[in-house]
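Naming: A, B, ... by sequence-line order, numbering from 1 per chain.
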Number of protein chains: 2
Amino acid sequence: MPQPHDILFRTLADPTRRAIFERLCREGDLTVRALTAEAGISQPAVSKHLGVLKRAGLVRDRHEGRQTHYSAELGALSPLVDWTNQMTGFWQSRFNDLEDLLNRMDQ
Amino acid sequence: MPQPHDILFRTLADPTRRAIFERLCREGDLTVRALTAEAGISQPAVSKHLGVLKRAGLVRDRHEGRQTHYSAELGALSPLVDWTNQMTGFWQSRFNDLEDLLNRMDQ
DNA sequence: GCAATCGATAACCCGCTGGCTATTGATCGA
DNA sequence: TCGATCAATAGCCAGCGGGTTATCGATTGC
């Protein structure tokens, strides 16, 4: 029932969680330990955020020994881009409709 | 202190509020009454959402007699587009760095 | 002028979620 | 083998936010 962009908006609404995702976009592949070190919150809290990000499809995890590496899944952002394009599109077509109306009124 | 895209994400995270914004994008200019009629929630709740959307810069209001018309402010979405582009950009440059490294290793 | 409508505000309630600590399971190093 | 480290889970708590009803000021039509 929830559309893809719905999950994305909800997931990225939290600043801490978004900061984690941003770091993964910048730096590419980080362990939970490394993420926790700069997140300013406890390790369980980071793990919880990573769980949410993973369920949203925004990150992938890779197990290596006793540590887990996470990386950003950039393609997951496309529903967000689609949504904004759609909104812009609605605006455009309303503008065009108005233009058409004015043209007809001219004649 | 909160960055523009932060406010946008938080504002658009709520499905009901996003639905109101979408209607304004599609239909262009609606009164609180009209929005309430299809929102499935009470008029005060709608007004509260409109207040949040307005504070985020996503809508404008226009007073006409005793009724208030709201319309979407589409330009407000640009920080969102910028943010996604930035994330994609980070990914791109990491990819390019890897490519460069591989090229150097080839030589 | 008066009743009715429109929309904003106030005051309140409740569920969700983001934080914590404690613990467990698994893996690694000595 | 045993202590230490890493990450996930469980359980708990507090604050935020989205919903409600009640009310009020402003405007309009009769």
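Taking the side chain of B:R66 as heavy atoms from C-beta on, and the options C:dA4, C:dC20, D:dG19, the nearest nucleotide is C:dA4. Residue A:R33 places its side chain closer to D:dC6 than to any other of D:dC6, C:dA8, C:dG18. If you check D:dA7, D:dA10, D:dG19 against the side chain of B:T16, the one that comes closest is D:dG19. The A:Q67 side chain lies nearest to D:dA7 when the options are C:dG19, C:dG7, D:dA7. Closest to the side chain of B:S42, out of C:dG18, D:dA8, D:dT21, is D:dT21.
Here the NZ atom belonging to A:K54 is positioned 9.0 Å from the CZ atom belonging to A:R60, to the nearest 0.5 angstrom.
What separates CZ of B:R18 from P of D:dG18 is a distance of 12 Å, to the nearest Å. One interatomic measurement links the two molecules: CZ of B:R10 to P of D:dG17, which rounds to 7 Å at whole-angstrom precision. Between the CD atom of B:Q43 and the P atom of C:dA10 there is a distance of 14 Å, rounded to whole Å. If you measure from atom CG of A:L35 to atom P of D:dA7, you get 9 Å, rounded to the nearest angstrom. Distance NE2 (B:H69) to P (D:dT27): 14 Å, rounded to an integer number of Å. B:L50 has its CG atom 16 Å from the C1' atom of D:dG17, to the nearest Å. Regarding B:I20, its CD1 atom lies at a distance of 11 Å from the P atom of D:dG18, rounded to whole Å. Distance A:I41 CD1 to C:dC20 C1': 11 Å, rounded to the nearest Å.
Side-chain N or O atoms of A:R17 include none that pairs as donor or acceptor with a backbone N or O of A:H49 at under 3.5 Å.
Toward the 5′ end of DNA chain C lies the nearest nucleotide of A:R17, the other residue of the pair A:R17 and A:P44 mapping further downstream. Each of A:E64 and B:Y70 lies near DNA chain C, and the nucleotide nearest B:Y70 is the one positioned closer to the 5' end.
Taking each heavy atom of B:T11 and B:A56 in turn, the nearest pair found is OG1-CB, 3.4 Å. When all heavy atoms are compared, the tightest approach of A:T88 to A:T84 is OG1-O, 2.7 Å.
With hydrogens and angles ignored, no donor-acceptor pair closer than 3.5 Å exists between the side chain of B:K48 and the base of D:dG17.
B:T36 comes within 4.0 angstrom of nothing in the nucleic acid, heavy atoms only. Heavy atoms of A:A45 sit under 4.0 angstrom from primed sugar atoms or phosphate atoms, though from no base atom.
Neither OP1 nor OP2 of D:dT9 sits under 4.0 Å from any side-chain N or O of A:S47. Using a 4.0 Å cut-off, some side-chain N or O of B:H49 falls inside it from OP1 or OP2 of D:dG19.
Relative ring orientation between A:W83 and A:F9 is described as perpendicular, the plane-to-plane angle rising above 60° on a 0-90° scale split at 30° and 60°.
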